Amino acid sequence: MQELELIADYGCVVGEGPMWHPLEQRVYWLDIVTGRLFRYDPASGQHEQVYEAGEAIGGFTVQADGALLLFMARGAIKTWRDGQVTAVIDEIPEERHTRFNDVVADPVGRVYAGTMATADRPGRLYRLDPDGTLTVTLDDVGIPNGMDFTPDLSQMYFTDSARQAIYLFDYDQATGTLSNQRVWVRTPPDRGVPDGLTVDSQGYVWSARWGDGALYRYAPTGEVDRRIEFPAQKVSSAIFGGPNYSHLYVTTAGGDNKPVEGPGAGALFRLRPGVQGRPPFLSRIRL
């Protein structure tokens with residue numbers, strides 16, 4: 001296990017959503033509230049801000065053609081490619097007063113995308129199918145967060161931070177249907193809340209812990225296998241990338257208040273955990 005390596009620090013208020021771009025061999029990540037998008041090229045060691053939306057971006061996927069699919073404020077969905085932005089969905093009327101949060105693409109190219117709660121209703125989990133159809137999959141969500149699939153693709157993990165729970169669903173790849181929701185892990189109330197997650201090639205779950213300054217690795221049985229501390233209280237998400245998916249990129253939040261949140265708040269880190277991840281699934285939303 002290599003020590004944490006600080007890759008880039010843009011002082012992100014809510015650094016989030018790291019995603020490995022397999023076609024470019026680069027990692028992208030976000031600052032949700034400022035709508036900034038960044039990328040890092042491990043081959044050159046260079047990193048940069050590539051886009052500023054002027055409004056929140058909750059998450060994104062990589063499209064099969066290499067563009068990024070951005071999930072934004074008001075339920076807007078847009079593509080981004082080299083600075084060019086094209087609207088796919090201008091807004092979802094029911095989400096006009098909120099925003100998307102975490103998202104994940106499935107093996108078929110669908111996208112599951114959560115929205116934050118509003119003053120008068122809970123958050124939701126949508127499924128965006130390749131033909132552009134939007135379906136509400138869950139309509140009683142606190143804070144939708146980390147999602148990924150078991151190695152055999154028969155189940156999907158889904159995090160609800162507000163309920164301090166990581167759930168497991170049965171997943172039907174043919175239809176995209178989620179069923180049989182049950183609690184897989186419930187985190188201790190005094191140790192922060194579960195945030196973004198990713199599954200490695202051994203089927204273990206790496207779950208970021210917002211408010212506990214750590215990244216947890218869970219065995220498929222739900223037992224804690226490893227805890228890695230960070231110099232930041234709000235560890236927000238993680239993704240595998242790099243050679244043979246042997247590097248783990250991790251985002252943190254709180255960069256606007258480092259004296260309280262820690263010197264590594266709002267930054268992107270890398271570590272070599274000694275296990276490999278898996279290539280990300282690409283979204284295939286027809287535009």
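Just so you know, these numbers come straight off a predicted model, no measurement behind them. Throughout, numbering of the chain's residues begins at 1 and tracks the sequence.
Of the possible donor and acceptor atoms, none in the side chain of N257 sits under 3.5 Å from a partner among the backbone N and O of E261. Between the K258 side chain and the A265 main chain, a donor and an acceptor come within less than 3.5 Å of each other. In this structure, K234 contributes its side chain and T252 its backbone to no donor-acceptor pair below 3.5 Å. Checking side-chain atoms of R36 against main-chain N and O of Y10 turns up a donor-acceptor pair under 3.5 Å. Of the possible donor and acceptor atoms, one in the side chain of R110 sits under 3.5 Å from a partner among the backbone N and O of Q173.
Checked for salt-bridge contact, R74 and E55 meet the test: a charged N lies under 4.0 Å from a carboxylate O. Comment: R127 engages D129 in a salt bridge, judged by a side-chain N to carboxylate O separation of less than 4.0 angstrom.
Here the options are T159, N145, T251, the test is side chain to side chain donor-acceptor pair (under 3.5 Å), and the partner is D195; only N145 passes. Each of V199, V27, L248 was compared with F240 under the side-chain contact (heavy atoms from CB on, under 4.5 Å) criterion, and only L248 meets it. In summary, of the residues considered (V141, D148, L197, D102), a side-chain contact (heavy atoms from CB on, under 4.5 Å) with F158 occurs for V141 alone.
A search for salt bridge (Lys or Arg N to Asp or Glu O under 4.0 Å) contacts involving R284 returns nothing, not counting sequence neighbours.
In this structure, D90 places its CG atom where only 12 or fewer heavy-atom neighbours from other residues, nucleotides or ligands lie under 6.0 Å away. Atom CD of E52 has more than 12 heavy atoms from other residues, nucleotides or ligands within 6.0 Å.
In the hydrophobic clustering, I143 connects to M116, either directly or through intervening members, whenever side-chain heavy atoms lie under 4.5 Å apart. The hydrophobic cluster containing V88 also includes L69, F71, I77, I89, I92, F100, V103, V111, Y126, L128, L134, V136, I285, L287, under a criterion of side-chain heavy atoms closer than 4.5 Å among ILVMFWY residues, counted directly or through chains of members.
Put simply, CD on E94 and OG1 on T118 are 11.0 Å apart, with the number rounded to the nearest 0.5 Å. In this structure, Q63 CD and L282 CG are separated by 8.5 Å, a value rounded to the nearest 0.5 Å.
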request  = List the steps, then state whether side-chain contact (heavy atoms from CB on, under 4.5 Å) holds for L178 with Y112.
outcome  = CA-CA 10 Å; L178 301 178; Y112 295 87; 3.9 Å; yes

request  = Walk me through it: do T86 and Q84 pass the test side-chain contact (heavy atoms from CB on, under 4.5 Å)?
outcome  = CA-CA 7 Å; T86 304; Q84 298 299 312; 5.6 Å; no

request  = Decide yes or no on side-chain contact (heavy atoms from CB on, under 4.5 Å) for R209 and V235, but give the supporting numbers first.
outcome  = CA-CA 5 Å; R209 190 69 65 82; V235 182; 5.6 Å; no

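Ring planes of W20 and Y249: parallel class, angle under 30° (limits at 30 and 60°). The aromatic rings of H47 and Y40 sit tilted relative to each other, their planes meeting at an angle between 30° and 60°. Ring pair F169/Y167 is tilted by interplanar angle, where 30° to 60° counts as tilted.
Taking the centre of each ring, Y218 and W184 come in below the 6.0 Å mark.
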